[in-house]
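Residue numbering restarts at 1 for every chain, and letters A, B, ... go by the order of the sequence lines.
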Amino acid sequence: VADYNIVLQSLCRAGDTAHALEIFRGEMARDGVAPTIVTYNTIINGLCKSNELGAGMELFEELVERGHHPDVVTYNTLIDSLCKAGDLEEARRLHGDMSSRGCVPNVVTYSVLINGLCKVGRIDEARELIQEMTRKSCDVLPNIITYNSFLDGLCKQSMTAEACELMRSLRDGSLRVSPDTVTFSTLIDGLCKCGQIDEACSVFDDMIAGGYVPNVITYNALVNGLCKADKMERAHAMIESMVDKGVTPDVITYSVLVDAFCKASRVDEALELLHGMASRGCTPNVVTFNSIIDGLCKSDRSGEAFQMFDDMTLKHGLAPDKITYCTLIDGLFRTGRAGQAEALLDAMPDPDTYAFNCCINGLSKLGDVSRALQVYNRMLELKLVPDKVTFNILIAGACKAGNFEQASALFEEMVAKNLQPD
RNA sequence: CCUGUCUCAUAUAUAUUCC
């Protein structure tokens, strides 16, 4: 069985859950190899990670019907997936279910729940769970992953004071758990995103002084922070310093810099870096190209942007994503090619809300509010869900055109669709 | 008596409105 489990795991990791299920249903049964709970867990995890949570839940029910007993890993896997799918209530239900079946939650169970709560900003509930863990009556103690999840939640809610406080507690040993590279990367990124670049740099210095080892993610977070704080020179210097320390810049490192050059209207330097990274053995990805395409469009060079698009698809064999199309549609409008922009929206595969937003915005900025509304209606016909940005664009367009009745009608529609006006 | 396991959790880059 263990051999099968390993095969199933590698298939799942490669994203081939269909093949894994085939072996599970066919070969294993034929050879009379009885699946264990690990077999089920492996496949359920595979299904969950390839966005087939429903199939994972079905397999869960199947294993129970067949008389197997789900273990803590089974529950953890499903709870984690439910959290990531935004269904915290169902996750909490499974959490209760596992206890009632005599399955004891472990540190992973708590960590996935805390992570799930943090990801949707429910910091207070996450904090409560941590406090529950540290009570004497609870024999599951938080580990560094638990604290890292919570720390990230604090940062993402801009609660950097509490985040720094948590870091202090981790470092002074009062929590009996030591920070790791992820802890530092999380805090550095959080401080940068809150505009506290100096604090981020000093956390980085503390990290080095304390003998902790930064990895490429730590550097990327800091380089990104420096770029966004308009400190390009220091960001550049970090590249050399990371290489000195034996950390190789990756595609994200370069993409951060490429984007920063683009945003600073230094597209030619971005292009230079694009070629430079390739010659240093780092292949650009779709994000790198999206930045370049955006930079070119915003520098009124949409012709070159389309050349880049061809380079990306034909030479590099990269598939454009939703952001690529959104960027191009927006860029075409900005460079006065409304017709081409609309044609691209029609031509792109599975246009999404963002692509429509770009088009609606382009038309609206041209003063063609009625056409913008037509496109909006087309989007509704496709069963796409407008977001806050869609309405902000349409309402601004109606106001600018002096049509306040229409604007307030749109406002009502927005509220009716449960979107919070800002 | 102890140990050994095949499955689970955390951090970094790009676009559309306003700033």
A:K49 NZ to B:U10 C1', in whole Å, measures 12 Å
From the candidates B:U12, B:U16, B:A11, the one with an atom nearest any side-chain atom of A:D330 is B:U16
Among the nucleotides B:A9, B:A13, B:C6, whichever has the atom closest to the side chain of A:V38 is B:C6
A:N285 CG to B:U12 P, in whole Å, measures 16 Å
- Query: With a non-hydrogen cut-off below 4.0 angstrom, is A:D321 in contact with a base, only sugar-phosphate, or nothing?
  - Reply: nothing
Winner on side-chain proximity to A:N45, out of B:C8, B:A11, B:U16, is B:C8
Original post:
For A:D422, which contact category applies under a 4.0 Å heavy-atom criterion: base, sugar-phosphate, or nothing?
Top reply: nothing
Rounded to whole Å, NZ of A:K388 lies from P of B:C19 at a distance of 15 Å
So what does A:V389 hit on the nucleic acid, given a heavy-atom distance under 4.0 Å: a base, only sugar-phosphate, or nothing? base
inquiry  = Quick check: do A:M207 and A:P214 have side-chain heavy atoms less than 4.5 Å from each other?
reply    = yes
Practice item. Check every strand shown and say whether A:S185 touches a base, only sugar-phosphate, or nothing at a heavy-atom separation below 4.0 Å. Key: base
Look at all strands and tell whether A:C326 reaches a base, only sugar-phosphate, or nothing, counting heavy atoms closer than 4.0 Å. base
Discussion item. Please determine whether a side-chain nitrogen or oxygen atom of A:Q9 lies at a distance below 4.0 Å from atom OP1 or OP2 of B:U7.
Written reply: yes
Winner on side-chain proximity to A:A221, out of B:A15, B:A9, B:U12, is B:U12
Out of B:U12, B:A9, B:A15, minimum distance to the side chain of A:T327 belongs to B:A15
Exercise. Would you mind classifying the nucleic acid contact of A:V256 as base, sugar-phosphate or nothing, using non-hydrogen atoms under 4.0 angstrom?
Key: sugar-phosphate
*Does B:C6 have OP1 or OP2 sitting under 4.0 Å from an N or O in the side chain of A:R13?*
no
In whole angstroms, the gap separating P of B:A11 from CZ of A:F204 amounts to 20 Å
### Query
Reckon A:K298 has a side-chain N or O less than 4.0 Å from the OP1 or OP2 of B:U16?
yes
| task | Measure from the ring center of A:F24 to the ring center of A:Y40 and say whether it is less than 6.0 Å. | result | yes
When rounded to whole Å, the NZ to P distance for the pair A:K400 and B:U17 reads 11 Å
### Message
Taking atom types as they are modelled, would you say the side chain of A:N215 forms a donor-acceptor pair with the base of B:A11 within the 3.5 Å cutoff?
### Response
yes
- Message: Just to be sure I understand the rule, does A:T77 reach a base, reach only the sugar-phosphate, or reach nothing, if contact means heavy atoms closer than 4.0 Å?
- Response: sugar-phosphate
Is it true that A:R301 and A:D268 have a side-chain N and a carboxylate O under 4.0 angstrom from each other? yes
Point to revise | Ring centers of A:F411, A:F404 separated by less than 6.0 Å | key: no
Self-check item: Audit row: A:D198, A:K231, salt bridge (Lys or Arg N to Asp or Glu O under 4.0 Å) steps and yes/no
Solution: CA-CA 11 Å; A:D198 294 334; A:K231 301 184 188 303; 5.5 Å; no
**Prompt:** Can you find an N or O donor on one side and an acceptor on the other, under 3.5 Å apart, linking the side chain of A:N361 with the base of B:U16?
**Reply:** no
In whole angstroms, the gap separating P of B:U14 from CG of A:D250 amounts to 14 Å
Next on the checklist: With a 3.5 Å distance limit and no angle check, can you tell me whether A:T160 reaches the backbone of A:L191 through a side-chain donor-acceptor pair?
Outcome noted: no
Per atom distances to the A:D189 side chain, the nearest of B:U12, B:U14, B:C8 is B:U12
Looking only at side-chain N and O atoms, does A:K228 come under 4.0 Å of OP1 or OP2 in B:U14? yes
#### Entry: N or O in side chain of A:N115 less than 4.0 angstrom from B:A9 OP1/OP2
no
When you compare the side chain of A:R93 with that of A:L82, does any pair of heavy atoms fall below 4.5 Å? no
Of the listed B:A11, B:A15, B:A9, the closest approach to the A:I145 side chain comes from B:A9
_With a cut-off of less than 4.0 Å, is there a side-chain N or O of A:K156 near OP1 or OP2 of B:U10?_
no
inquiry  = With a 4.0 Å cutoff (strictly under), does any side-chain N or O of A:K119 reach OP1 or OP2 of B:A9?
reply    = no
Rounded to whole Å, the CE-P distance (A:M28 to B:U7) equals 15 Å
Using only side-chain N and O atoms of A:K193, determine if any of them is under 4.0 Å from OP1 or OP2 of B:A11. no
Among B:U14, B:U10, B:U16, the one nearest any side-chain atom of A:R334 is B:U16
query = Are the side chain of A:K263 and the backbone of A:S291 linked by a donor-acceptor contact shorter than 3.5 Å?
reply = no
When rounded to whole Å, the CD1 to P distance for the pair A:I144 and B:A9 reads 17 Å
Below 4.0 angstrom from OP1 or OP2 of B:A13, is there any side-chain N or O of A:K263? no
Of the listed B:A9, B:U16, B:A13, the closest approach to the A:I393 side chain comes from B:U16
Side-chain contact check for A:V287: nearest option of B:U17, B:U14, B:A9 is B:U14
